[in-house]
There are 2 protein chains.
Amino acid sequence: MPARKTNPDFMTGVPELLILRLLSTREMYGYEIVQAIETASGEAIKLGEGVVYPALHALEEQGCLKSRRKPVNGRTRVYYIATAVGKKRLSDLTGEWRRITDAVAGIVTGAKHATV
Amino acid sequence: MPARKTNPDFMTGVPELLILRLLSTREMYGYEIVQAIETASGEAIKLGEGVVYPALHALEEQGCLKSRRKPVNGRTRVYYIATAVGKKRLSDLTGEWRRITDAVAGIVTGAKHATV
DNA sequence: GTATCATACCTTACAGTTCAAGGTATGCAA
DNA sequence: TTGCATACCTTGAACTGTAAGGTATGATAC
């Protein structure tokens, strides 16, 4: 009852942003993304597979990603990469992310907003 | 149907953080907080009353805030201010906020994490 | 030969959050 | 007396991430 949060602070929308960012450069598969984010964030962000797979499916359905199956060592991987739509989306999301975080930083840092 | 979002990106936990920040310095009332955040954020962040009032009540119940009723011009306002517990909470939240946003910035900016 | 682990994909139940929209009531201006 | 800004509050809806589970393969260890 000490307020157990299932949707942790400051994480909403972050998975989508990071996934689009990673896939805007090169082709990757789900399991790889999970670990890439963990590594690239210095362990600060760990996305479960329950976040990544549904996100990939949703993004593909929206036309932001396209996928292809590729057999590797007898095992099949599903590789995703961002489409033009996905890159546009990434650009929009990045701008939104900056807008919000800059605004929050301004207030939290006490910089108020100038001699008000 | 184009994916209407009710829980906008990057806003989870932000109201709590901002409210605690404002009330860590001086006493304020709900309606005032709504407008203060709008102004201080340069219109970037606008919290509805449906977000602020429930948040105030929850924070008070958790011991993070304390309130007192104060009549002003025949109208009654409920002023809130952060307690020691609330300041501790603010400190924790701020740290968490930095951790997440720094990590995201690192990836989005393409700085990956090489050569850190 | 079989137990276990890492890989690799996937789904579901749950809980918490914000938003939008509504509701009450006062004081002041037109 | 109509309307608006103030000032408080609640409810329903929708979305999101988490945790936990489920399937199946290949490699490693015993």
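Keep in mind the model is a prediction, meaning the values are calculated, not measured. First the proteins, then the strands, lettered A, B, ... as listed; each starts at 1.
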Grab the [atom1]-[atom2] distance between [X] and [N] for me, whole Å please.
X       : N      : atom1 : atom2 : result
B:Lys70 : D:dC8  : NZ    : C1'   : 17 Å
B:Glu16 : C:dC19 : CD    : P     : 14 Å
B:Tyr80 : D:dA7  : OH    : C1'   : 12 Å
A:Arg77 : D:dT25 : CZ    : P     : 17 Å
A:Ile33 : C:dA8  : CD1   : C1'   : 12 Å
A:Ile37 : D:dT18 : CD1   : C1'   : 15 Å
A:Phe10 : C:dT18 : CZ    : C1'   : 14 Å
B:Met11 : D:dA14 : CE    : P     : 21 Å

**OP:** Report the residues that fulfil side chain to side chain donor-acceptor pair (under 3.5 Å) with A:Gln35, sequence neighbours left out, ordered by chain and then residue number.
**Re:** none
Original post:
With nearest nucleotides of DNA chain C determined for B:Pro15 and A:Gly30 from heavy-atom distances, which residue corresponds to the more 5′ nucleotide?
Top reply: A:Gly30
Residues which pass salt bridge (Lys or Arg N to Asp or Glu O under 4.0 Å) with [X], listed by chain and number, not counting sequence neighbours:
X       : result
B:Glu60 : none
B:Glu43 : B:Lys46
B:Arg69 : none

**OP:** Could you identify which residues of residues 46-56 of chain A place a heavy atom less than 4.0 Å from some atom of DNA chain C, listed by residue number, or say none?
**Re:** A:Glu49, A:Gly50, A:Tyr53, A:Pro54
Subject >> Minimum side-chain heavy-atom gap B:Ile81-B:Leu65 below 4.5 Å >> reply: no
Using only side-chain N and O atoms of [X], determine if any of them is under 4.0 Å from OP1 or OP2 of [N].
X       : N     : result
A:Tyr31 : C:dT7 : yes
A:Tyr29 : C:dC9 : no
B:His57 : D:dC8 : no

Original post:
Mind checking what makes side-chain contact (heavy atoms from CB on, under 4.5 Å) contact with A:Val52, not counting sequence neighbours?
Top reply: A:Ile19, A:Ile33, A:Val34, A:Leu47, A:Leu56
Original post:
Partners of B:Glu32 by side-chain contact (heavy atoms from CB on, under 4.5 Å), sequence neighbours excluded?
Top reply: B:Arg26, B:Met28, B:Tyr29, B:Tyr79
Original post:
Can you list every pair that meets salt bridge (charged side-chain N to carboxylate O under 4.0 Å, His left out) and has a residue in residues 91-104 of chain B, with sequence neighbours left out?
Top reply: B:Lys88-B:Asp92, B:Glu96-B:Arg99
Subject >> Flag, side chain of B:Thr83 to backbone of B:Gly63, donor-acceptor distance under 3.5 Å >> reply: yes
Pairs under 3.5 Å (N/O, protein and nucleotides 26-30 of chain C):
residue : atom : partner : partner atom : Å
C:dT26  : O2   : B:Arg75 : NH2          : 2.3

